[in-house]
Amino acid sequence: MKRFLKYLKPYTIKCILAPLFKMLEATFELLVPLVIARLVDVGIDGGDRKSIIISAILLFVLAAVGMAAAITAQYFSARVAMDFGKTVRGELFRHIESLSYSNIDRLGTSTLITRMTSDVNQMQTGVNMILRLLLRSPFIVFGATIMAFTVNAKVAKYFIYILIALFIVVGVIVVVSIPLVKKVQERLDNVTLHTRENIVGVRVIRAFNRSDEESEEFHLSAKLLMKKQLFVGRVSSFLNPVTLVIINTGIACVVYNGGMMVHDGGMAKGEVIALYNYMSYILVELIKFVNFIITVSKMFASARRVANVMDVQPDITYGSEEAENVRHTIDFENVSMTYKGSKAPAISDISLHAEEGEIVGVIGGTGSGKTTLVNLIPRFYEVTSGLLKIDGKDVKDYSKEAIRSLVAVTPQHSVLFSGSVEDNLKMGRDDITSEELEKAVTMSQSGFINEKEGKLAYQVSAGGRNLSGGQRQRLCIARCFAKNSPIIILDDSASALDFATEKSLRQAIASIKENKIIFIVSQRIGSIMNADKIVVMEKGSVAGIGTHDELMESCDVYREIYTSQVDEKEVAS
């Protein structure tokens with residue numbers, strides 16, 4: 001939790017004021033039993049009407065001032081907690097954004113979501129409770145004990161016995177519950193994973209009639225979470241009855257011994273009432289303090305989980321080289337890449353040269369390494385061995401801004417965000433003109449958008465759910481064109497397009513290749529057969545490089561792909 005204290009520094013004054021006002025409230029609260037004791041002994045027993053009025057007015061004043069102090073403290077603590085949560089959540093989000101694909105693959109999306117939401121919320125709640133109760137509850141407990149000794153030291157000794165017993169019980173329960181909280185959060189990760197998978201994959205689940213099975217798995221996961229939460233709840237709830245037994249035993253001792261002393265004339269009635277009130281204060285505050293400790297325990301468990309994510313250093317570090325306005329080239333020199341946790345390389349010993357004005361087609365069977373190859377160019381993943389150069393410089397030497405400005409990517413899976421079509425297309429360039437947007441829409445064959453209500457202002461739902469697969473793909477391609485980067489990667493981005501639309505798209509791509517390097521990854525032979533250079537991948541290695549005619553003569557793998565697709569009439573006419 002220490003690493004998160006820096007996020008509280010901007011709110012130092014509020015962090016001081018919140019507990020100070022709570023202490024002020026507690027101070028007024030501790031004076032109330034003394035006023036009541038005077039009211040009983042002097043006012044009521046003594047028949048002093050003036051004393052009764054003064055005591056009543058004083059009680060109202062103490063209550064009003066205490067309430068004002070409590071409201072002020074609540075405001076400051078709540079404000080600090082909300083600001084703290086906002087800051088931590090923002091820093092965590094920025095850190096996650098800086099992680100590489102391999103980092104995110106290893107951590108898992110569901111875990112990151114849980115830590116961004118539930119864990120940060122738990123930390124936020126913990127900060128609020130600390131500011132409100134960390135000083136107040138111990139102050140009330142020990143203050144009430146001290147005040148009890150000022151009233152009657154002989155009876156007040158029972159307060160010491162009660163405190164020792166309560167601290168033992170609280171300590172045992174806290175030690176037991178802290179490890180359990182971590183397990184609850186881990187179960188919550190699992191529930192989040194099932195939830196996310198079922199929401200994202202709802203169409204596949206329904207298509208394969210797996211709703212009942214998935215529902216059963218989800219309920220099993222939720223049931224396990226419930227069991228863990230119930231167990232923690234039972235351990236925590238055990239505290240209340242034990243505390244009540246101990247406190248009520250203390251109250252009985254105070255009342256009995258106080259009553260005996262009143263009977264013998266060694267103690268006033270109001271003093272017994274004051275001691276009873278102080279004992280009640282201890283009961284209430286200890287129950288609060290126990291809940292506080294449980295909440296803080298959860299906060300520390302959540303803080304460790306958030307810190308574990310923030311401790312993950314990006315696998316990829318960037319240099320300081322900036323992009324130069326030169327004739328662009330890309331060189332793979334004996335490049336290999338192995339995914340984290342994998343025993344075999346995804347691609348191995350790849351050598352390839354591409355230069356401005358070329359369209360490079362990449363084709364091969366499923367799992368042959370096509371996507372891995374092109375993902376190395378924008379440094380989504382890091383080269384394991386060998387050298388990858390852009391414009392003669394190692395990609396590792398470029399700054400993040402430079403490498404992102406050089407490369408525009410249309411991913412294998414179409415990703416659109418909630419908002420207008422225009423907002424989605426402007427993701428690569430905020431300064432793009434209306435004419436450039438229209439050109440990108442036209443080139444990507446996304447003219448369908450002009451038939452939508454609002455055209456470029458048409459609202460896209462999260463993930464583009466209100467668009468067809470082909471429409472999503474074309475808008476993703478339009479976004480890539482709108483960025484106008486010198487290196488364009490289209491990773492199987494036309495798989496949902498009909499042959500006629502794809503043919504028009506290929507013609508549009510050919511018209512802009514003069515000052516760009518364009519990589520087209522595809523399963524379709526027709527998508528890449530007219531490329532200036534075709535890379536044939538097989539089992540992570542290059543099976544052949546050349547034009548269509550050259551590969552038909554020299555590459556058995558390419559010839560097999562061509563023959564199978566021609567026979568199945570999958571080549572565009």
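Worth saying up front: this structure is predicted, and the values here are computed from it rather than measured. All values below come from the heavy atoms of this structure, side chains included, with hydrogens, waters and symmetry mates left out.
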Any heavy-atom pair between the side chains of [Y] and [X] that's under 4.5 Å?
{"X": "Val362", "Y": "Ile528", "value": "no"}
{"X": "Ile359", "Y": "Ile509", "value": "yes"}
{"X": "Leu99", "Y": "Leu107", "value": "yes"}
{"X": "Cys476", "Y": "Leu416", "value": "yes"}
{"X": "Phe519", "Y": "Val535", "value": "no"}
{"X": "Ile350", "Y": "Met537", "value": "yes"}
{"X": "Ile316", "Y": "Pro314", "value": "no"}
{"X": "Gln523", "Y": "Thr366", "value": "yes"}

Aromatic ring pairing Phe4/Phe84, orientation class (parallel under 30°, perpendicular over 60°, tilted between):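 Aromatic pair Phe4/Phe84 classed perpendicular.
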Pairs involving residues 357-366, ordered by first then second residue, that meet salt bridge (Lys or Arg N to Asp or Glu O under 4.0 Å) (sequence neighbours left out):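 Passing the test, one end in residues 357-366: Glu358-Lys533.
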Residue pairs, two or more places apart or on separate chains, that pass salt bridge (Lys or Arg N to Asp or Glu O under 4.0 Å) and touch residues 441-462: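 Listed once each, the pairs would be none.
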Step-by-step salt bridge (charged side-chain N to carboxylate O under 4.0 Å, His left out) determination, Asp492 to Lys370: CA-CA 9 Å; Asp492 205 15; Lys370 304 185 297 297; over 6 Å; no
Candidate pair Val296 and Met299, rule side chain to side chain contact (heavy atoms under 4.5 Å, CB included), full reasoning: CA-CA 5 Å; Val296 171; Met299 180 192 72; 4.0 Å; yes
In chain order, what residues pass the side-chain contact (heavy atoms from CB on, under 4.5 Å) check against [X], with sequence neighbours excluded?
{"X": "His548", "result": "Met529, Ile534, Met552, Tyr558, Tyr562"}
{"X": "Lys227", "result": "Lys223"}
{"X": "Thr433", "result": "Glu435, Glu436"}
{"X": "Leu220", "result": "none"}

Under the salt bridge (charged side-chain N to carboxylate O under 4.0 Å, His left out) test, residues paired with Asp491 that sit two or more places apart: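 Scan of Asp491 (salt bridge (charged side-chain N to carboxylate O under 4.0 Å, His left out), adjacent residues dropped) gives none.
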Stepwise side chain to side chain contact (heavy atoms under 4.5 Å, CB included) test for Gln471 and Ser446: CA-CA 7 Å; Gln471 289 173 337; Ser446 300; over 6 Å; no
What are the two closest heavy atoms between [X] and [Y], and how far apart are they?
{"X": "Tyr381", "Y": "Leu376", "answer": "O-CD2, 3.5 Å"}
{"X": "Cys480", "Y": "Leu490", "answer": "SG-CD2, 4.2 Å"}
{"X": "Ala478", "Y": "Ser444", "answer": "CB-OG, 3.1 Å"}
{"X": "Ile489", "Y": "Val374", "answer": "CD1-O, 3.5 Å"}
{"X": "Val383", "Y": "Leu388", "answer": "CG2-CB, 4.1 Å"}
{"X": "Asp331", "Y": "His353", "answer": "OD1-ND1, 2.6 Å"}

Residue pairs fulfilling side chain to side chain donor-acceptor pair (under 3.5 Å) with at least one residue in residues 313-322, sequence neighbours excluded: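 Every side chain to side chain donor-acceptor pair (under 3.5 Å) pair that includes a residue of residues 313-322, provided the two are not neighbours, is Ser102-Asp315, Asn103-Asp315, Tyr318-Arg404, Glu321-Lys393, Glu322-Ser399.
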Flag if over 12 foreign heavy atoms under 6.0 Å of CZ, Arg559: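 Enclosed.
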Enclosure of Lys439 NZ (heavy-atom neighbours >12, cutoff 6.0 Å):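 Count not over threshold, so no.
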Any donor-acceptor pair under 3.5 Å from Arg479 side chain to Met427 backbone: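 Between the backbone of Met427 and the side chain of Arg479 there is no qualifying donor-acceptor contact (under 3.5 Å).
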Any donor-acceptor pair under 3.5 Å from Asn209 side chain to Ile205 backbone: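 No, the answer is negative, given that no donor and acceptor are paired below the 3.5 Å cut-off.
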Pair Asp423-Phe417, side chain to side chain contact (heavy atoms under 4.5 Å, CB included): steps then yes or no: CA-CA 9 Å; Asp423 290 338; Phe417 299 89; over 6 Å; no
Sequence-distant partners of [X], side chain to side chain donor-acceptor pair (under 3.5 Å), two or more places apart:
{"X": "Ser522", "value": "Ser527"}
{"X": "Asp498", "value": "Thr501"}
{"X": "Arg89", "value": "Asn121"}
{"X": "Tyr7", "value": "none"}

Steps toward side chain to side chain contact (heavy atoms under 4.5 Å, CB included) verdict (Asp391, Tyr398): CA-CA 11 Å; Asp391 301 341; Tyr398 284 101; 3.7 Å; yes
